[in-house]
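One structure is given below, encoded as structure tokens.
Counting convention: from 1, in listed order, for ligands and their atoms alike. Not measured: the values here are computed from a predicted model. Along the sequence shown, residues are numbered consecutively beginning with 1.
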Amino acid sequence: ASVKTWLEQRGWDNAAGTTRLGQRGWDNAAGTTRLGQRGWNTPICCDQGRYEGGDWGLYSGVGKTCLLVRFKDGAFLAGSFISTVGIDFRNKVMNIDRLKVKLQIWDTAGQERFRSVTHAYYRDANALLLLYDVTNRTSFDNIKAWLTEIHDYAQQDVVLMLLGNKADATQQRVVKREDGERLAKEFGVPYMETSAKSGLNVELSFTAVAKELKHRSMKEPNEPKFKLQDYVNKEMKSAGCAC
Ligand SMILES: Nc1nc2c(ncn2[C@@H]2O[C@H](COP(=O)(O)OP(=O)(O)OP(=O)(O)O)[C@@H](O)[C@H]2O)c(=O)[nH]1
């Protein structure tokens with residue numbers, strides 16, 4: 001969709017095509033604007049999926065909350081696992097291309113019993129971070145079903161990223177990186193492996209999504225298209241990452 005269409009789909013008026021980021025809910029100098037309040041930029045971490053038969057399974061524990069806490073506070077939530085109830089919100093201010101941006105991030109519960117709640121939220125998301133757990137084959141196998149679900153319910157041009165989390169757990173790994181890459185390629189979504197425990201690619205994944213959204217809203221007619229996967233590859237390469 002054109003930028004104009006994209007903005008209109010989100011209820012922004014762009015008649016003159018001249019409005020700028022600050023007017024669109026990107027954080028201002030006072031740090032008071034909330035993207036989420038304006039229908040903006042709300043990546044969700046989610047892990048639900050559907051078995052072939054069509055029933056939903058339980059996909060709790062892939063590390064959504066830990067990834068978010070790592071991103072927001074730079075820490076790893078070690079110890080006992082407390083499952084998210086319903087939905088949780090966290091805000092984080094980032095600097096994107098010299099602009100201060102506040103993201104509102106929705107952390108969804110992975111348990112089946114909360115599915116109707118979480119379902120309602122991803123329809124309004126501007127971006128979705130879709131997680132599986134590299135130590136849990138079922139969580140990976142159900143990504144296809146989850147992508148179908150996104151196709152059916154999320155906004156048509158939602159920004160997507162597939163993340164294989166728990167990459168630090170080398171001993172327990174059952175899903176190869178190549179499998180994740182292949183699946184991402186098949187569905188045309190950017191992909192990388194992350195670790196909430198070590199911090200691997202956590203900042204990068206959120207930054208890449210925020211950049212994509214910012215580029216979409218700010219795009220000048222002659223500006224080249226921002227390519228999320230290229231950006232991610234370049235950043236990983238320059239960090240010397242063999243991941
Ligand atoms: N080794 C390792 N463990 C992780 C990582 N991320 C999360 N965990 C562990 O996985 C378990 C579940 O993490 P959560 O972040 O609570 O999982 P969740 O996906 O939010 O679960 P729900 O809220 O039930 O949907 C916890 O015991 C974490 O310590 C990671 O990157 N590496």
Which atoms of ligand 1 are found less than 4.0 Å from any heavy atom of Thr65? 15 (O), 20 (O)
Ala167 to ligand 1: N or O pair under 3.5 Å? no
Residues that Phe226 engages under ring-ring contact (aromatic ring centres under 6.0 Å, His included), provided they are two or more places apart: His215, Tyr231
Indicate yes or no: does an N/O atom of Phe76 lie under 3.5 Å from an N/O atom of ligand 1? no
cation_pi(Lys92, Phe71) dist<6.0 Å, angle<=45: yes
Please walk me through it: do Asn142 and Tyr132 pass side-chain contact (heavy atoms from CB on, under 4.5 Å)? CA-CA 9 Å; Asn142 284 285; Tyr132 67 89; over 6 Å; no
Under 4.0 Å from a heavy atom of Asp168: which atoms of ligand 1 are those, numbered in the order shown and with their elements? 1 (N), 2 (C), 30 (C), 31 (O), 32 (N)
Need the ligand 1 atom indices (1-based, order shown) with element for anything under 4.0 Å from a heavy-atom of Ala196. 6 (N), 30 (C), 31 (O)
Distance col, row Lys72:NZ vs Ile105:CD1, nearest 0.5 angstrom, shows 9.0 Å
Determine whether Asn165 and Asp133 satisfy the following criterion, side-chain contact (heavy atoms from CB on, under 4.5 Å), listing intermediate values before the conclusion. CA-CA 5 Å; Asn165 191 43; Asp133 173 352; 5.8 Å; no
Residue-level breakdown please: for Asp133 versus ligand 1, do any non-hydrogen atoms fall below 4.0 Å on the side chain, on the backbone, on both, or on neither? neither
Identify the heavy atoms of Val175 and Arg173 that sit nearest to each other, and give their distance. O-NH1, 2.8 Å
Gln171, Lys166, Lys197: member with heavy atom nearest to atom 10 (O) of ligand 1: Lys166
Taking atom types as modelled, find out whether Thr65 and Asp107 have a side-chain donor-acceptor pair closer than 3.5 angstrom. yes
Any N or O on Leu67 sitting closer than 3.5 Å to an N or O of ligand 1? no
Backbone or side-chain N or O of Ala169 under 3.5 Å from ligand 1 N or O: no
Can you sort out which atoms of ligand 1 are near Asn165, meaning under 4.0 Å from one of its heavy atoms? 5 (C), 6 (N), 31 (O)
Apply side-chain hydrogen bond (donor to acceptor under 3.5 Å, both in side chains) to Asp97 and list each qualifying residue two or more places apart in sequence or on a separate chain. Lys211, Lys214
Within reach of ligand 1, part of Thr194 (heavy-atom separation under 4.0 Å): neither
